[in-house]
J.: 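There's a structure below that I have some questions on.
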Amino acid sequence: MSGALTFATVPHIHAHSGAVFAGDGASVTLDLQGVTHTDSAGLALILEWMRTAQRQGKVVVFRNIPAQMLSIARLSGLDAILPLTQSLQT
């Protein structure tokens, strides 16, 4: 994943992310190291990816969560339910 995860980009990214979850594996790893900017739409996309994985009986793992996304998650109180921690950064 690279570029911006914003209101302007998330609809397109979401529309084309189905293939990520199409495989037979039990887990999906999404590396967000290349994300340059994010807003609450990026966090909403993360939530949707988690729902998609759950519907398919998969676990989703997020790596290299941007600090900006962590801040938004904390401000919105979502950090308690999302696996968004800086310790995932590698």
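Residue numbers start at 1 and run along the sequence shown.
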J.: What is the distance from atom CG of Asp31 to atom CZ of Phe62, rounded to the nearest 0.5 Å?
T.: 11.5 Å

J.: Looking at every heavy atom in both Phe21 and Lys58, which two are closest together, and how far apart are they?
T.: O-NZ, 2.6 Å

J.: List the atom of Pro11, the atom of Thr6, and the distance in Å for their closest heavy-atom pair.
T.: CD-O, 4.4 Å

J.: Provide the closest heavy-atom pair for Thr9 versus Ala4 in the form atom of the first, atom of the second, distance.
T.: OG1-O, 2.7 Å

J.: Quick one: pull up CG in Leu47 and OG1 in Thr52 and give me the separation to the nearest 0.5 Å.
T.: 10.5 Å

J.: Looking at side-chain heavy atoms only, is the closest gap between Val28 and Gln56 below 4.5 Å?
T.: no

J.: Could you name each residue pair satisfying salt bridge (Lys or Arg N to Asp or Glu O under 4.0 Å) that touches residues 39-50, not counting sequence neighbours?
T.: Glu48-Arg51, Glu48-Arg55

J.: Excluding sequence neighbours, so at least two apart, what forms side chain to side chain donor-acceptor pair (under 3.5 Å) with Ser40?
T.: none

J.: Supply the atom-to-atom distance Gln68 CD to His37 NE2, rounded to the nearest 0.5 angstrom.
T.: 5.0 Å

J.: Looking at CG of Leu30 and CD1 of Ile65, how far apart are the two atoms once the value is rounded to the nearest 0.5 Å?
T.: 8.5 Å

J.: Is the closest side-chain heavy-atom distance between Thr38 and Leu32 below 4.5 Å?
T.: no

